[in-house]
Amino acid sequence: MDRIKIYFAPMEGITTKTYRRVHRQFYPGVDRYYSPFIVVTSDHSFKRRDKRGILPYEEGLVPQLLTNDPEAFVWGAKKLADSGYEEVNLNAGCPVGTVVAKGKGAGLLENPDAFDAFLDSIFSNDDLPKISIKTRVGFYESSEAKRLAKILSRYPFCEVTVHPRAREDYYNGTPDKEAFDVMAEIIKVPICYNGDLCSVGDVNKLLSERNAIDRIMLGRGLIADPDLAGEIKTGERTGRLYEYLSCLRKEYKEELSGDRDVLFKLKEIWSYVGRGFPDHEKSLKTIRRCSNLTEYDIAVREILTPS
Ligand SMILES: Cc1cc2nc3c(=O)[nH]c(=O)nc-3n(C[C@H](O)[C@H](O)[C@H](O)COP(=O)(O)O)c2cc1C
């Protein structure tokens, strides 16, 4: 299935620069990685930690910005363009309460007129890099999809990624693929499908039902199975999960200050990877509960063997 473009979804706290580097080193198949959201403050700056995640320029990365201030967005997008990025993504999908309460992320979708004005203000600027957006199908419910798509279609986005859930759904229930279709019908720029694609079977089913789709974004499914993008494209798996996770462990140890933080990161990744090992509940429980890397290593070796 080589015709399909595959993007690695932005996942705050997970798809960091280190994670992306190690994933790229081990597994093929991802055409582009998206950075977790970078906050742009109204006084026009990036937080130091966020900045380290996207600068200097990283080949194959689309940085994502989170703000509800059009001037701050334009400032951030131009700053990133100056650093070499051709495309910048706008986060209009994050459902987290503290983000939405500030009118950011999926909070942008609560008031469609204000959202329209926000986009109008951004696109009235010259010399912007290409702008893409990652969004949902509505704030309260997916019946908002049509109105939202009409707003989006008024602006020259280079691409629109749609996660077909409303903000109120968070990540619960099943994606509303009909609402995705409604948006795909109206939006004339390339549209990317994102949501609950966790296996080759899921992707085959989506593409057989909707053969106009030529790009997909994978999040949790690709964290759980880092081989998935390559397998979707070529039918072949690279394997080497043990080596991959060992490399992440090594890199996190170099990057982070202390085993507690390293363990926290590895446990988060295992909360996804572990789904592929339902017969190892005892060892997975040890990974969830362990308090040092020695216990962690023993539990991992009970599940995986070096190739
Ligand atoms: C832990 C976590 C962090 C996320 N961080 C971001 C983010 O920074 N920016 C964003 O646009 N979406 C973020 N998302 C949403 C994902 O990019 C994606 O849209 C969502 O997980 C649905 O796709 P999936 O079913 O393939 O995982 C996050 C999701 C999770 C679970």
Side-chain angles (χ1 to χ4, degrees), residues 4-17 19-20 23 29-30 32-40 46-47 49-50 53-54 61-68 73 76 87-100 102 104-109 131-138 142 157 159-167 169-177 179-180 183 191-203 205-206 213 215-226 228-229 232 264-276:
I4 194 101
K5 284 200 177 96
I6 300 182
Y7 303 151
F8 206 139
M11 307 260 307
E12 216 265 314
I14 305 179
T15 58
T16 58
K17 180 181 254 183
Y19 183 92
R20 297 189 298 266
H23 186 266
V30 172
R32 271 192 224 160
Y33 293 76
Y34 284 70
S35 81
F37 66 72
I38 306 293
V39 174
V40 203
F46 296 134
K47 293 181 186 161
R49 203 189 62 154
D50 280 355
I54 46 166
L61 179 72
V62 177
Q64 184 189 66
L65 298 181
L66 180 83
T67 180
N68 62 349
F73 181 84
E87 177 183 338
V88 174
N89 186 264
L90 168 66
N91 181 321
C94 180
V96 174
T98 47
V99 169
V100 169
K102 294 182 197 139
K104 299 177 184 176
L108 288 168
L109 310 179
I131 307 293
S132 56
I133 186 168
K134 181 165 175 287
T135 190
R136 291 179 170 244
V137 288
S142 52
F157 288 106
E159 190 175 85
V160 176
T161 296
V162 175
H163 175 60
R165 286 187 170 98
R167 183 268 163 170
D169 302 330
Y170 280 70
Y171 299 108
N172 302 323
T174 39
D176 185 340
K177 292 189 181 138
F180 176 87
M183 292 189 63
I191 183 161
C192 172
Y193 177 91
N194 164 243
D196 293 32
L197 299 175
C198 297
S199 67
V200 175
D202 291 343
V203 175
K205 183 165 183 296
L206 176 81
I213 292 179
R215 57 200 72 200
I216 53 176
M217 179 181 273
L218 310 175
R220 293 164 296 177
L222 196 47
I223 307 285
D225 176 7
L228 183 59
I232 291 168
F264 180 84
K265 284 266 180 239
L266 293 168
K267 284 182 181 191
E268 190 166 22
I269 287 169
W270 266 98
S271 71
Y272 295 93
V273 169
R275 294 174 194 175

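Bear in mind the structure is a predicted one, so any value in this text is a computation, not a measurement. When a ligand or atom number is given, it counts from 1 through the structure's own listing order.
Aromatic ring pairs are classed by plane angle as parallel below 30°, tilted from 30° to 60° and perpendicular above 60°; the pair Y34 and Y7 is tilted. Note: Y171 and H163 have tilted aromatic rings, judged against thresholds of 30 and 60 degrees for the angle between ring planes.
No salt bridge links E159 with K5; every basic N to acidic carboxylate O contact stays at or beyond 4.0 Å.
Protein heavy atom closest to atom 19 (O) of ligand 1, with residue, atom name and distance, is N194 OD1, 2.6 Å. In terms of protein heavy-atom proximity, atom 20 (C) of ligand 1 is nearest to Y171 CE2, 3.6 Å. The protein heavy-atom contact nearest to atom 30 (C) of ligand 1 is M11 CE, 3.9 Å. Ranking protein heavy atoms by distance to atom 5 (N) of ligand 1, first place goes to E12 N, 2.8 Å. Atom 9 (N) of ligand 1 has Q64 OE1, 2.8 Å as its closest protein atom, hydrogens excluded (heavy atom only). Considering only non-hydrogen protein atoms, atom 1 (C) of ligand 1 sits nearest to Y272 OH, 3.9 Å. In terms of protein heavy-atom proximity, atom 6 (C) of ligand 1 is closest to P10 O, 3.1 Å.
One N or O on the side chain of R136 and one on the backbone of Y170 form a donor-acceptor pair closer than 3.5 Å. Using a distance-only test at 3.5 Å, with no hydrogens or angles considered, a donor-acceptor pair links the side chain of D202 to the main chain of C198. For the pair D50 (side chain) and V39 (backbone), a donor-acceptor distance under 3.5 Å is present. Although no hydrogens or angles enter the test, the distance criterion places a donor-acceptor pair under 3.5 Å between the side chain of S35 and the main chain of Q64.
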Residue pair D196, R220: steps toward the side chain to side chain contact (heavy atoms under 4.5 Å, CB included) verdict: CA-CA 8 Å; D196 293 32; R220 293 164 296 177; 3.1 Å; yes
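Nearest-residue assignment for atom 26 (O) of ligand 1 (options A106, G219, A224; heavy-atom criterion): G219.
Heavy atoms of G195 come nearer than 4.0 angstrom to ligand 1 in at least one pair. Using 4.0 Å as the threshold, Y34 has no heavy atom nearer than that to any atom of ligand 1.
Note: no N/O pair closer than 3.5 Å links P36 and ligand 1 by distance alone. No N or O atom of E268 sits closer than 3.5 Å to an N or O atom of ligand 1. An N or O contact shorter than 3.5 Å links D196 to ligand 1 by distance. Any N or O atom pair closer than 3.5 Å counts here, and A9 shares no such pair with ligand 1.
Taking every non-hydrogen atom of K134 and a distance limit under 4.0 Å, the qualifying atoms of ligand 1 come out as 10 (C), 11 (O), 12 (N), 15 (C), 16 (C), 17 (O), 18 (C), 19 (O).
Counting heavy atoms closer than 4.0 Å to ligand 1, residue R220 contributes atoms from both its backbone and its side chain.
The one candidate from N68, I131, L66, V40 that meets the side chain to side chain contact (heavy atoms under 4.5 Å, CB included) condition with F73 is I131.
At most 12 non-hydrogen atoms from other residues, nucleotides or ligands lie less than 6.0 angstrom from CZ of F264.
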